[in-house]
Peer 1: 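Have a look at the structure that comes next, please.
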Amino acid sequence: MTRTKLADGVYLTYLPARKFKTSLLSAQFVTPLTEETASAYALLPAVLRRGTVTYPDMGALSARLDKLYGARIDYTVRKKGETQCVGFVASFIDDSFIPGGEHLLEPVAELLGELVCDPATERGRFVPAYFESEKTNLIDAIRSIINDKRDYADSRLLREMCAGEAYGIPRLGSEEDAERLQLRKLYAQYGKLIGTSRLELFYSGSADRKRVEDALLSAFATLPRENIRETFPAQTHPARQEVLRVTEELDVTQGKLGMGFACGSDDTAALLMGNTLFGGSSNSKLFLNVREKLSLCYYASSLYHRQKGIITVSSGIEFENYQKAYDEIMAQLDAVRNGDLEDWELDGARSTLLNAYASMGDSQGKLENFYLGQAATGQSETPEELAEQVRNVTPERIFNAMKAVGLDTVYFLRGKEAAE
């Protein structure tokens, strides 16, 4: 793996691979996540994907992709730390599998560049029909989050815990901001995004690096590069002096208990292991005890947010089991802090993490997503380097790191009838 600077604010992560039958090419703009721009930037790639100057509608684009042996280009909107990453990921048959020596890298790169730099327009702005259609889709996507109460509760926990911090902003922005989007202003924001945001390019396939660089430099030759805005690593969440407790009532039959913890330690490998022991796998304390043994939760798991220095717990419970579940979750955290563990638990947690890092190399999509997260948040470790850190972490480091983990925010979603 190499990461090189191609132009001002343009970087290529090159991942040579010959074991895949496909190549992957990704173009992602990395920009600070803000309330003011989140919805607009989430809408932009969807509008851009509707057509270009050469291929002005979905039919023409699809026909072009069909001629490229069924290549696919999907738009993406992702949140990495406190940055928003928007762009396109292309997947196409690797050149080594194309008969007659035909090349797909260059035409696919050219099409990516055209989607970004030469979108279909009408009177100097986006095509109104495309804008209105994709704006409706975005609003529907934001509204639909509440239909999955687990995702909704997880999002609300982060919103409350990180209020006033960029990390609390959803990747698609808010429904209110999406509804206020206007065609003319969106086109101006498009110009700002592609002119001032860092562009991270990724390639995985059999082509040599020089050829990939030449193809991408040609494809993005007209990309405007003005005052490139720097993105900064997420600031560690400051622990509260007093636990924030939030209760929300909706028409639900199952309660959702979310708990947010400030880590208080920067020992990443130890926290990765500690979280895996606590609730990060099917052999974790939360899964085996709170869910399986005591049947207090329909599901219970924890997630370590490395960029923000927090751990969040997600669980589904009966309303009346709130206190029992709460107490038992805290008891299991204490068990990890105090080293109340069997050898097989430590071995299992380490194996879970090592397998996750090892399996990344089997998926071009996982590799692209991982390295985008690294580039967007200012990290440089490879999966192999992270695996080595996990191998070397001692039980004492794990316990010490987890002792610095403190409860910060509690979010409880309950049914309306439960409050009566």
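Predicted, not measured: the structure shown is a model, and the values here were computed from it.
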Peer 1: What pairs with Asp140 under side chain to side chain contact (heavy atoms under 4.5 Å, CB included), at least two apart in sequence or on another chain?
Peer 2: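 Side chain to side chain contact (heavy atoms under 4.5 Å, CB included) check on Asp140 returns Thr136, Arg143.
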
Peer 1: Salt bridge (charged side-chain N to carboxylate O under 4.0 Å, His left out) for Glu200 and Arg3? Distances and angles first, verdict last.
Peer 2: CA-CA 10 Å; Glu200 293 286 347; Arg3 183 170 181 265; 2.4 Å; yes

Peer 1: Phe412: what forms a ring pair (Phe, Tyr, Trp, His ring centres under 6.0 Å) with it, not counting sequence neighbours?
Peer 2: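 Ring pair (Phe, Tyr, Trp, His ring centres under 6.0 Å) check on Phe412 returns Tyr322.
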
Peer 1: To the nearest 0.5 Å, tell me how far Tyr14 OH sits from Thr2 OG1.
Peer 2: 7.5 Å

Peer 1: I'd like to check the ring pair (Phe, Tyr, Trp, His ring centres under 6.0 Å) partners of His305; sequence neighbours left out, ordered by chain and number.
Peer 2: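 Tyr167.
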
Peer 1: Where is the tightest heavy-atom contact between Leu181 and Phe131, given as atom of each residue plus distance?
Peer 2: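 Smallest interatomic distance, heavy atoms only, reads O-CZ, 3.5 Å.
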
Peer 1: Looking only at side-chain N and O atoms, does Gln323 offer a donor or acceptor that is under 3.5 Å from a partner on Asp327?
Peer 2: yes

Peer 1: List the residues meeting side chain to side chain donor-acceptor pair (under 3.5 Å) with Tyr55, not counting sequence neighbours, and say none if there are none.
Peer 2: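 Tyr55 satisfies side chain to side chain donor-acceptor pair (under 3.5 Å) with Arg64 only.
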
Peer 1: Would you say Thr409 and Arg240 are linked by a side-chain donor-acceptor pair, where the criterion is simply a distance under 3.5 Å?
Peer 2: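 Their side chains do contain a donor-acceptor pair, which is all the 3.5 Å distance test asks for.
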
Peer 1: State whether the number of non-hydrogen atoms from other residues, nucleotides or ligands found under 6.0 Å of Asp362 atom CG is greater than 12.
Peer 2: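 Above 12, so yes.
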
Peer 1: So, Ser174 versus Asp177: side-chain donor-acceptor pair below 3.5 Å or not?
Peer 2: yes

Peer 1: Closest approach of Ala207 and Leu105, non-hydrogen atoms and distance?
Peer 2: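 Answer, listing the atom of Ala207 first, then Leu105: CB-CD2, 3.9 Å.
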
Peer 1: Can Arg306 and Gln379 be counted as having a side-chain donor-acceptor contact under 3.5 angstrom?
Peer 2: yes

Peer 1: If you compare all heavy atoms of Ala38 against all heavy atoms of Pro170, which two are closest, and at what distance to 0.1 Å?
Peer 2: CB-O, 4.3 Å

Peer 1: More than 12 non-hydrogen atoms from neighbouring residues, nucleotides or ligands closer than 6.0 Å to CD on Glu396, yes or no?
Peer 2: yes

Peer 1: Taking all atoms of both residues into account, what is the closest heavy-atom pair of Leu15 and Tyr371, and its distance?
Peer 2: CD2-CE1, 3.6 Å

Peer 1: Around Glu248, counting heavy atoms of other residues, nucleotides and ligands shown, do more than 12 lie under 6.0 Å from its CD?
Peer 2: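 Yes, enclosed.
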
Peer 1: Looking only at side-chain N and O atoms, does Gln364 offer a donor or acceptor that is under 3.5 Å from a partner on Glu368?
Peer 2: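 Looking only at side-chain atoms, Gln364 and Glu368 do not form any donor-acceptor pair under 3.5 Å.
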
Peer 1: Taking all non-hydrogen atoms of both residues into account, name the closest pair between Ser26 and Val89 and its distance.
Peer 2: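 Closest heavy-atom pair between Ser26 and Val89: OG-CG2, 3.7 Å.
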
Peer 1: Can you confirm whether more than 12 heavy atoms, excluding those of Tyr75, are under 6.0 Å from its OH atom?
Peer 2: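 No, not enclosed.
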
Peer 1: For Ser301, enumerate each residue passing the side chain to side chain donor-acceptor pair (under 3.5 Å) test, keeping only those at least two apart in sequence or located in another chain.
Peer 2: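 Here the qualifying residues are Arg150.
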
Peer 1: Quick check: are there more than 12 heavy atoms from other residues, nucleotides or ligands sitting under 6.0 Å from CG of Asp343?
Peer 2: no

Peer 1: Is the NZ atom of Lys19 crowded by more than 12 outside heavy atoms at less than 6.0 Å?
Peer 2: yes

Peer 1: Are Asp118 and Thr52 close enough, and set up right, to give a side-chain hydrogen bond (donor to acceptor under 3.5 Å, both in side chains), and what steps lead you there?
Peer 2: CA-CA 6 Å; Asp118 296 300; Thr52 72; over 6 Å; no

Peer 1: Per the salt bridge (Lys or Arg N to Asp or Glu O under 4.0 Å) rule, what does the pair list look like for residues 210-221, sequence neighbours excluded?
Peer 2: Asp95-Arg211, Glu106-Arg211, Arg209-Glu213, Lys210-Asp214

Peer 1: Looking at residues at least two apart in the chain, or sitting in another chain, which of them share a side chain to side chain donor-acceptor pair (under 3.5 Å) with Thr37?
Peer 2: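 So Thr37 forms a side chain to side chain donor-acceptor pair (under 3.5 Å) with Thr34.
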
Peer 1: With sequence neighbours excluded, what pairs up with Ser281 under the side chain to side chain contact (heavy atoms under 4.5 Å, CB included) test?
Peer 2: Thr276, Asn283, Ser284, Thr352

Peer 1: Check the surroundings of atom CD in Glu381: do more than 12 heavy atoms from other residues, nucleotides or ligands lie under 6.0 Å from it?
Peer 2: yes

Peer 1: Considering only residues two or more places apart or on different chains, which pairs with a residue in residues 236-260 satisfy ring-ring contact (aromatic ring centres under 6.0 Å, His included)?
Peer 2: none

Peer 1: Only counting residues at least two apart or in another chain, list the ones meeting side chain to side chain donor-acceptor pair (under 3.5 Å) with Asp334.
Peer 2: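 Expected list: Arg337.
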
Peer 1: Mind checking ring pair (Phe, Tyr, Trp, His ring centres under 6.0 Å) for Tyr411 and listing every partner two or more places apart, or none if nothing turns up?
Peer 2: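 Result, ring pair (Phe, Tyr, Trp, His ring centres under 6.0 Å) vs Tyr411: none returned.
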
Peer 1: Return yes when atom CZ of Arg391 has more than 12 non-hydrogen atoms of other residues, nucleotides or ligands closer than 6.0 Å, and no otherwise.
Peer 2: yes

Peer 1: Heavy atoms only: give me the nearest Asp94-Phe20 pair and the separation to one decimal.
Peer 2: CB-O, 4.1 Å

Peer 1: Check step by step if salt bridge (charged side-chain N to carboxylate O under 4.0 Å, His left out) holds for Glu160 and Arg156.
Peer 2: CA-CA 6 Å; Glu160 294 290 345; Arg156 288 284 293 115; 3.1 Å; yes

Peer 1: Would you tabulate the side-chain donor-acceptor contacts of residues 184-196 under 3.5 Å, counting partners in other chains and residues two or more places apart, or write 'none'?
Peer 2:
from: Tyr190; atom 1: OH; to: Val116; atom 2: O; distance (Å): 2.6
from: Thr196; atom 1: OG1; to: Lys192; atom 2: O; distance (Å): 2.6
from: Thr196; atom 1: OG1; to: Arg229; atom 2: NE; distance (Å): 3.2

